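A short write-up of the structure that comes next.
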Amino acid sequence: MYEKLSRKFYKKNAIDLAKDLLGKYLVFREGNPDKSNCKNNLLIGKIVETEAYMGFYDKGAHTYNGRRTERTEVMYGEAGYAYIYLIYGMYNCLNVVAAEKEVGQAVLIRALEPIKGQDKMSISRYNKPLSDLNKKQIKNLTNGPGKLCKAYNITRDLNGEDLTKNRLYICKNIAHKEKVSIIEAKRIGIDYAEEAKDFLWRFYIKDNKHVSVY
DNA sequence: ACTACGATTAAA
DNA sequence: TTAATCGTAGTC
């Protein structure tokens, strides 16, 4: 019932991709993807919140004004690859590269609703089994860009990972097609971005309880 | 080489 | 409201 998104799906501007990714499923296989027992290592979360970073004219984007460095190189590459960077010296953020090559757009994955592997996520986040977590900790498993990377054990050594391959990828549910109501809001944490800080380029599923800050 | 700071989080 | 924590990017 889950079907992996194709390269073509990602080849659109970051705003459209950010909206289209809502309600899709982020899947990560820990360990060796080729092993037959890999179902035990599967982490799945529904994407409930995203932000679009639109490249050249977007003062909030790492690629603003054509800025091109070793770090941002992946953003200028082909769509459907993971751009992962370290923020505030201690948290990783996962992005999906959008649009055509050389455009420099990406979508930040801001929050997930845990679907499968919550026990593993709990260990990664709190170094404690799920049964030992309090209500707040359960709510906070994956409701932020740094939190979901911690829960999935996603770090920068997965930077540049091809999301059409078998380790980290995104699926749609073809058995159960869900209509998502999308709320548009200002992006978070880019107060320095002048006029761009007010653009409504943050998107989340209406009424979903796993969205990050309101 | 030196420095300022960030697409965040958790705790006070 | 604030500290934590270090790679990145810009400057010298």
Side-chain angles (χ1 to χ4, degrees), chain A residues 13-19 21-22 26 45 47-77 79 81-99 103-112 114 121-128 132-161 163 183-204 209-214:
Chain A
N13 75 71
I15 291 174
D16 289 337
L17 181 60
K19 295 186 205 173
L21 283 174
L22 292 176
L26 180 69
I47 298 172
V48 300
E49 181 183 354
T50 57
E51 278 179 2
Y53 287 86
M54 291 294 283
F56 197 96
Y57 299 101
D58 179 3
K59 287 180 179 164
H62 291 164
T63 50
Y64 169 63
N65 201 27
R67 256 171 44 213
R68 190 156 187 158
T69 62
E70 194 176 354
R71 180 178 68 151
T72 60
E73 196 57 32
V74 180
M75 273 187 78
Y76 289 100
Y81 283 75
Y83 168 51
I84 301 164
Y85 64 91
L86 185 72
I87 185 67
Y88 295 102
M90 58 192 113
Y91 302 108
N92 292 285
C93 286
L94 169 66
N95 298 253
V96 177
V97 177
V103 175
Q105 296 185 0
V107 174
L108 172 66
I109 308 297
R110 282 198 58 89
L112 301 173
M121 297 181 194
S122 176
I123 298 290
S124 300
R125 279 278 281 134
Y126 298 106
N127 200 28
K128 281 198 287 190
D132 285 2
L133 299 190
N134 62 37
K135 235 179 173 174
K136 189 175 181 180
Q137 289 173 317
I138 292 171
K139 178 178 174 291
N140 285 339
L141 265 184
T142 55
N143 64 344
K147 297 175 194 176
L148 69 92
C149 283
K150 184 99 191 290
Y152 270 58
N153 262 316
I154 291 173
T155 59
R156 280 175 306 146
D157 42 77
L158 277 170
N159 187 39
E161 184 77 6
L163 300 179
I183 303 292
E184 307 183 346
K186 292 180 184 179
R187 292 177 292 177
I188 290 177
I190 53 163
D191 289 347
Y192 55 85
E194 301 176 29
E195 80 279 354
K197 78 176 160 55
D198 294 322
F199 297 167
L200 302 178
W201 288 351
R202 173 181 171 229
F203 308 97
Y204 59 88
K209 294 175 182 59
H210 301 271
V211 168
S212 68
V213 250
Y214 282 93

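Note that these values count all heavy atoms, side chains included, but never hydrogens, waters or copies made by symmetry. Since the structure is predicted, the reported quantities are computational estimates derived from the model, not experimental observations. Per chain, numbering begins at 1; letters A, B, ... match sequence-line order.
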Original post:
Going by an N to O cut-off under 4.0 Å, is there a salt bridge joining A/E73 and A/R68?
Top reply: yes
Subject >> Cation-pi check, A/R71 onto A/Y85 ring (under 6.0 Å, within 45° of axis) >> reply: yes
**OP:** Using whole Å, report how far CG of A/N92 lies from P of B/dG6.
**Re:** 18 Å
Original post:
Across the strands shown, which category fits A/R71 at heavy-atom distances under 4.0 angstrom: base, sugar-phosphate, nothing?
Top reply: sugar-phosphate
What does the list of N/O pairs under 3.5 Å between the protein and nucleotides 8-11 of chain B look like, with a distance for each?
from: B/dT8; atom 1: OP1; to: A/R110; atom 2: NH1; distance (Å): 3.0
from: B/dT8; atom 1: O3'; to: A/G146; atom 2: N; distance (Å): 3.4
from: B/dT9; atom 1: OP1; to: A/P145; atom 2: N; distance (Å): 3.1
from: B/dT9; atom 1: OP1; to: A/G146; atom 2: N; distance (Å): 2.7
from: B/dT9; atom 1: OP1; to: A/K147; atom 2: N; distance (Å): 3.0
from: B/dT9; atom 1: O4'; to: A/Y91; atom 2: OH; distance (Å): 3.4
from: B/dA10; atom 1: OP1; to: A/R125; atom 2: NH1; distance (Å): 2.7
from: B/dA10; atom 1: OP1; to: A/R125; atom 2: NH2; distance (Å): 3.0

Original post:
Over how many whole Å does the gap from A/Y53 atom OH to B/dG6 atom C1' extend?
Top reply: 11 Å
Original post:
So, A/Y83 side chain and A/A106 main chain: donor-acceptor pair closer than 3.5 Å or not?
Top reply: no
Original post:
Which atom pair, heavy atoms only, marks the closest approach of A/F203 to A/I15?
Top reply: CZ-CG2, 3.8 Å
Original post:
What distance, rounded to whole Å, do you find between the two P atoms, one in C/dT5 and one in B/dC2?
Top reply: 23 Å
Original post:
Between A/E51 and A/R110, is there a salt bridge with N-O shorter than 4.0 Å?
Top reply: yes
**OP:** Rounded to the nearest angstrom, tell me the gap between atom CD in A/E73 and atom C1' in C/dT8.
**Re:** 15 Å
Original post:
Which base sits across from C/dT8 as a Watson-Crick or G-U pair, both distances under 3.5 Å?
Top reply: B/dA4
Subject >> Distance, rounded to the nearest Å, where A/L86 contributes CG and C/dA4 contributes C1' >> reply: 12 Å
Subject >> Side-chain donor-acceptor pair present, A/K147, A/N143, cut-off under 3.5 Å >> reply: yes
Original post:
What distance separates A/L163 CG from A/Y81 OH, expressed to the nearest 0.5 Å?
Top reply: 9.0 Å
Original post:
Measuring from A/F199:CZ to A/M54:CE, what's the distance to the nearest 0.5 Å?
Top reply: 10.0 Å
**OP:** Using whole Å, report how far CG of A/D191 lies from C1' of B/dC5.
**Re:** 14 Å
Original post:
Hey, does the side chain of A/Y152 reach the backbone of A/G45 with a donor-acceptor pair shorter than 3.5 angstrom?
Top reply: yes
Original post:
How long is the line joining NE2 of A/H62 and C1' of B/dC5, in whole Å?
Top reply: 11 Å
Pull out every protein N or O sitting under 3.5 Å from an N or O of nucleotides 10-12 of chain C, one pair per line with the distance.
from: C/dG10; atom 1: OP1; to: A/R67; atom 2: NE; distance (Å): 3.2

